[in-house]
> 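Questions regarding the structure given below will be posed in turn.
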Amino acid sequence: MTIINFEQIKYKATRKEIINGKKVVRSKTFTQTVNPFNKNEDGTIKTRNEVYQSVKQEALEWSKEELLTKG
C-alpha cells in the first residue's frame, strides 16, 4: 500500500462577539490540502497560492458572519 502525504494549508481566523453582555473571542482554523483532487471551477488543479487564497477567503467570510443564536 502506498501512502501519499499532501501539503496542508492552514489559516486561523478570530472574531469578537458580545453574548449575554460578555465579550467573547472565538477562533477557528481552516485547512485545505494541495492535491490533484482540489480543483478550480474550470477543472484545473489549484496551485499552492490558489489554495491559500481559497482558505483565506473562507476564513474571512466566517469571521464577518454573525452568530444566529445570540442571547
Side-chain angles (χ1 to χ4, degrees):
M1 178 178 358
T2 304
I3 297 174
I4 301 173
N5 293 320
F6 296 111
E7 180 183 9
Q8 191 174 38
I9 307 296
K10 296 180 182 181
Y11 192 89
K12 186 174 182 179
T14 59
R15 66 180 176 195
K16 297 177 183 178
E17 302 172 355
I18 297 176
I19 300 177
N20 293 332
K22 296 181 181 180
K23 293 180 181 179
V24 178
V25 177
R26 298 186 189 273
S27 63
K28 186 174 179 181
T29 302
F30 296 86
T31 62
Q32 285 187 20
T33 59
V34 179
N35 65 65
F37 306 105
N38 197 348
K39 297 183 179 185
N40 291 315
E41 292 179 9
D42 63 356
T44 59
I45 298 172
K46 286 186 178 180
T47 64
R48 185 183 193 287
N49 190 36
E50 289 171 332
V51 172
Y52 176 78
Q53 293 300 323
S54 176
V55 172
K56 184 178 177 181
Q57 181 64 32
E58 183 181 352
L60 292 176
E61 288 173 8
W62 175 83
S63 66
K64 291 180 182 177
E65 74 183 26
E66 294 287 327
L67 280 182
L68 299 176
T69 56
K70 285 191 178 181

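Heads up: numbering here begins at 1 and tracks the sequence.
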> Please identify each residue that fulfils side-chain hydrogen bond (donor to acceptor under 3.5 Å, both in side chains) with Q57, with sequence neighbours left out.
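Applying side-chain hydrogen bond (donor to acceptor under 3.5 Å, both in side chains) to Q57 gives E61.
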
> In chain order, what residues pass the side-chain hydrogen bond (donor to acceptor under 3.5 Å, both in side chains) check against N40, with sequence neighbours excluded?
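Listed in chain order: T44, E50.
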
> Taking atom CD of Q8 and atom CD of Q32, what is their separation to the nearest 0.5 Å?
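Separation between the atoms: 10.0 Å.
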
> When you measure from the side chain of N20 to the backbone of K22, do you find a donor-acceptor pair of N or O atoms at a distance under 3.5 Å?
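Such a contact is absent between N20 side chain and K22 backbone.
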
> Which atom pair, heavy atoms only, marks the closest approach of V55 to I9?
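In terms of heavy atoms, the two residues are closest at CG2-O, 4.3 Å.
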
> Mind checking side-chain hydrogen bond (donor to acceptor under 3.5 Å, both in side chains) for T14 and listing every partner two or more places apart, or none if nothing turns up?
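side-chain hydrogen bond (donor to acceptor under 3.5 Å, both in side chains) list for T14, sorted by chain: empty.
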
> Nearest 0.5 Å, what's the OG-CZ distance between S54 and F30?
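The CZ atom of F30 is 11.0 Å from OG of S54, to the nearest 0.5 Å.
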
> Which value, rounded to the nearest 0.5 Å, describes the distance between I45 atom CD1 and T47 atom OG1?
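Separation between the atoms: 10.5 Å.
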
> Members other than I4 in its cluster, when Ile, Leu, Val, Met, Phe, Trp, Tyr link by side-chain heavy atoms under 4.5 Å?
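Listed partners: F6.
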
> Does R15 reach the main-chain N or O of W62 with its side chain, forming a donor-acceptor pair under 3.5 Å?
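Yes.
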
> Calculate, to the nearest 0.5 Å, the distance between atoms OH and CG belonging to Y11 and L60 respectively.
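Reported value, rounded in 0.5 Å steps: 5.0 Å.
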
> Filter on salt bridge (charged side-chain N to carboxylate O under 4.0 Å, His left out), then keep only pairs touching residues 28-47, sequence neighbours left out; what's left?
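Sorted result for residues 28-47: empty, none.
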
> Listed by chain and number, what are the side-chain hydrogen bond (donor to acceptor under 3.5 Å, both in side chains) partners of S27, not counting sequence neighbours?
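Scan of S27 (side-chain hydrogen bond (donor to acceptor under 3.5 Å, both in side chains), adjacent residues dropped) gives none.
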
> Does T33 offer a backbone N or O that forms a donor-acceptor pair with the side chain of N38 under 3.5 Å?
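Looks like yes, one N/O pair under 3.5 Å.
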
> Salt bridge check: are E58 and K56 linked by an N-O gap of less than 4.0 Å?
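K56 and E58: not salt-bridged.
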
> Does the side-chain contact (heavy atoms from CB on, under 4.5 Å) test come out yes or no for N49 and V51, once each step is laid out?
CA-CA 5 Å; N49 190 36; V51 172; over 6 Å; no

> Test of understanding: with salt bridge (charged side-chain N to carboxylate O under 4.0 Å, His left out), list the residues that count as partners of E7, not counting sequence neighbours.
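If we apply the salt bridge (charged side-chain N to carboxylate O under 4.0 Å, His left out) test to E7, skipping adjacent residues, the hits are R48.
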
